[in-house]
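To start, the structure itself, in structure tokens.
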Amino acid sequence: MKEQLPDLHSHFCDLNLEAHMYASQWFLTLFTAKFPLCMVFHIIDLLLCEGLNIIFHVALALLKTSKEDLLQADFEGALKFFRVQLPKRYRAEENARRLMEQACNIKVPTKKLKKYEKEYQTMRESQLQQEDPMDRYKRENRRLQEASMRLEQENDDLAHELVTSKIALRNDLDQAEDKADVLNKELLLTKQRLVETEEEKRKQEEETAQLKEVFRKQLEKAEYEIKKTTAIIAEYKQICSQLSTRLEKQQAASKEELEVVKGKMMACKHCSDIFSKEGALKPAAASREDQGIETDDEKDALKKQLREMELELAQTKLQLVEAKCKIQELEHQRGALMNEIQAAKNSWFSKTLNSIKTATGTQPLQPPPVTQPPREST
């Protein structure tokens with residue numbers, strides 16, 4: 001730092017800010033204590049690739065990028081900057097990447113580092129030689145006592161943590177066992193509900209099949225009635241047409257006979273004198289009127305029967321439509337019922353799986369055998 005950043009080094013010397021106050025944590029933790037992971041990943045990659053010297057490169061790069069802020073800071077401000085502001089600056093991936101580029105561009109010769117290492121070891125040896133052996137032994141003894149006390153405290157903490165962990169594990173195990181019992185009970189209840197649901201489904205399918213059979217029979221009966229009514233109507237129409245043909249033929253024959261009788265009567269002088277033309281036509285007209293009245297009565301009767309048959313046909317068609325509507329409504333109810341049963345099955349299955357997953361998350365349990373639901377008949 002004295003060679004590459006002399007002004008910053010002299011500023012730290014004026015503030016009595018030594019390197020171990022800010023850089024010891026960097027070197028001991030490989031910058032993982034304060035800096036974001038995106039920056040730490042780059043440092044570890046460079047460390048595995050280049051070696052331990054990269055730590056000096058990154059430290060010098062951090063000081064170079066923060067040089068202006070550190071030169072303006074006092075002792076407390078500099079420590080706060082190293083502790084708070086400097087790690088925040090490299091949360092962005094781009095800033096961390098630029099820092100790594102700058103660290104790679106810094107040159108720290110390995111020979112010079114080895115030279116500094118030798119000088120440091122020589123300095124430490126000279127200090128130890130100049131120091132009184134008794135003082136050195138006392139200091140070493142005090143250091144060992146502190147380490148022993150620290151290790152005893154760590155041992156006590158670990159023992160306490162072990163006991164606490166055992167108690168917590170025992171409590172967790174008890175809770176898991178209780179939860180497993182509750183889940184087993186719920187599983188049994190769910191299986192019982194599933195059996196009841198399947199039984200109810202079977203009964204409803206039987207009822208649906210019976211209703212289908214009943215409506216099928218009613219539909220066949222209605223179709224048979226319609227065919228029968230249609231045949232009767234066709235037969236009546238044929239009879240009416242035959243009667244109309246016969247009536248027309250009889251009218252034509254009667255007319256011809258009347259013309260023949262009339263011609264014979266007109267040819268006979270005696271008959272023409274006895275029967276006048278008006279008198280002869282009057283009885284014929286009367287007989288024709290009587291015959292027309294009988295024909296009209298027969299036609300009215302046939303029309304009345306035809307209307308009755310048409311009314312019966314309309315009623316039969318209406319009953320057929322109502323039967324079809326009822327069948328469709330029953331089909332819709334059956335479909336809704338099947339959807340509800342399937343939803344109940346899915347809900348039960350998902351709840352069972354969630355319960356088993358929750359139970360296995362706390363305690364390993366044997367998974368219950370999943371039975372294949374019966375295939376629904378279409």
Side-chain angles (χ1 to χ4, degrees), residues 1-132 135-136 138-140 142-143 146:
M1 181 179 175
K2 185 177 181 181
E3 291 179 0
Q4 298 197 18
L5 299 170
D7 49 353
L8 187 61
H9 180 265
S10 62
H11 180 66
F12 282 177
C13 291
D14 295 339
L15 297 176
N16 293 325
L17 183 63
E18 299 180 1
H20 67 84
M21 295 180 181
Y22 58 87
S24 59
Q25 193 179 49
W26 297 352
F27 283 76
L28 291 175
T29 64
L30 290 178
F31 302 91
T32 59
K34 295 291 184 180
F35 292 94
L37 289 177
C38 62
M39 174 179 168
V40 175
F41 292 155
H42 291 301
I43 295 173
I44 293 176
D45 290 340
L46 291 173
L47 176 67
L48 296 174
C49 183
E50 302 292 337
L52 289 174
N53 291 346
I54 199 65
I55 302 175
F56 294 94
H57 293 225
V58 176
L60 290 173
L62 286 171
L63 293 174
K64 274 188 177 183
T65 55
S66 308
K67 177 180 175 181
E68 300 297 331
D69 297 323
L70 292 172
L71 288 174
Q72 298 177 2
D74 54 1
F75 182 82
E76 294 294 335
L79 291 179
K80 185 177 180 181
F81 180 84
F82 283 121
R83 188 176 64 255
V84 179
Q85 297 178 9
L86 185 61
K88 288 182 178 180
R89 180 175 294 180
Y90 297 100
R91 289 179 180 176
E93 180 74 20
E94 184 65 23
N95 294 338
R97 189 181 61 80
R98 290 176 182 174
L99 178 69
M100 293 302 104
E101 291 178 356
Q102 190 170 1
C104 292
N105 293 327
I106 294 176
K107 294 182 180 181
V108 179
T110 306
K111 293 182 179 180
K112 190 171 290 186
L113 286 176
K114 290 182 178 179
K115 177 183 175 183
Y116 290 156
E117 183 179 358
K118 290 180 180 179
E119 290 178 358
Y120 177 75
Q121 290 176 355
T122 305
M123 183 181 65
R124 290 292 298 170
E125 290 176 357
S126 63
Q127 288 178 356
L128 290 175
Q129 290 175 0
Q130 294 175 3
E131 188 178 8
D132 187 6
D135 294 336
R136 186 172 69 254
K138 286 181 180 180
R139 187 178 70 255
E140 187 70 19
R142 185 167 59 253
R143 187 180 64 79
E146 290 176 354

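Count residues from 1 along the sequence.
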Practice prompt. List for me each residue that meets side chain to side chain contact (heavy atoms under 4.5 Å, CB included) alongside Leu30, sequence neighbours excluded, and say none if there are none.
Written response: Leu47, Ile55

Practice prompt. Before giving the answer on side chain to side chain contact (heavy atoms under 4.5 Å, CB included), spell out for Thr29 and Lys34 the whole-Å C-alpha distance, their side-chain angles and the decisive distance to 0.1 Å.
Written response: CA-CA 9 Å; Thr29 64; Lys34 295 291 184 180; over 6 Å; no

Item to complete: Compare every heavy atom of Ile43 with every heavy atom of Met100, then report the nearest pair and how far apart it is.
Response: CE-CG1, 3.8 Å

Discussion item. Salt bridge check, Glu94 against Arg97: does any charged N sit closer than 4.0 Å to a carboxylate O?
Written reply: yes

Fill in: Taking every non-hydrogen atom, the tightest pair across Cys38 and Arg91
SG-O, 3.9 Å

Worksheet item: Under 3.5 Å, side chain of His11 to main-chain N/O of Ala73, donor-acceptor pair present?
Response: yes

Worksheet, complete the sentence: Residues passing the salt bridge (Lys or Arg N to Asp or Glu O under 4.0 Å) test with Glu93, sequence neighbours excluded, are none

Worksheet item: Of all heavy-atom pairs between Leu17 and Ala78, which one has the smallest distance, and what is that distance?
Response: CD2-CB, 3.8 Å

Item to complete: Just say parallel, tilted or perpendicular for the rings of Phe12 and Phe82, cut-offs at 30° and 60°.
Response: perpendicular

Worksheet item: When rounded to the nearest 0.5 angstrom, what distance separates NE2 in His9 from CD in Glu3?
Response: 10.5 Å

Response to the item:
Between the CG atom in Leu62 and the NE2 atom in His57, the distance rounded to the nearest 0.5 Å is 13.0 Å

Worksheet item: Who are the ring pair (Phe, Tyr, Trp, His ring centres under 6.0 Å) partners of Phe27, not counting sequence neighbours?
Response: Phe56

Practice prompt. Output the distance between atom CG (Leu86) and atom CG (Leu70), rounded to the nearest 0.5 Å.
Written response: 8.0 Å

Item to complete: Please test Thr32 against Val40 for side chain to side chain contact (heavy atoms under 4.5 Å, CB included), starting from the C-alpha separation and ending with a verdict.
Response: CA-CA 6 Å; Thr32 59; Val40 175; 3.3 Å; yes

Item to complete: Answer yes or no: are there more than 12 heavy-atom neighbours, outside Leu28 itself, under 6.0 Å from its atom CG?
Response: yes

Fill in: Approximate separation, where rounding is to 0.5 Å, of Leu8 CG and Glu68 CD
10.0 Å

Discussion item. So, using side chain to side chain contact (heavy atoms under 4.5 Å, CB included) as the criterion, who are the partners of Glu18 when residues are at least two apart?
Written reply: His20, Met21

Item to complete: Would you name the heavy atoms of Phe75 and Asn16 that are closest together and state the gap between them?
Response: CE1-O, 3.8 Å

Response to the item:
Residues Asn95 and Arg89: closest non-hydrogen pair is ND2-O, 3.0 Å

Worksheet entry | From CD1 (Ile54) to NE2 (His42), nearest 0.5 Å | 12.5 Å

Worksheet item: Who are the side chain to side chain contact (heavy atoms under 4.5 Å, CB included) partners of Thr65, not counting sequence neighbours?
Response: Tyr90, Leu99, Gln102

Response to the item:
On a heavy-atom basis, the closest approach of Ile106 and Ala61 is CD1-N, 3.6 Å

Worksheet, complete the sentence: The reported gap from CE in Met39 to CD1 in Ile44 (rounded to nearest 0.5 angstrom) is 11.5 Å

Practice prompt. Kindly write out the residues that satisfy salt bridge (Lys or Arg N to Asp or Glu O under 4.0 Å) with Lys67, not counting sequence neighbours, or none if the list is empty.
Written response: Asp7

Worksheet item: Does Lys111 reach the side chain of Lys114, with side-chain heavy atoms less than 4.5 Å apart?
Response: no

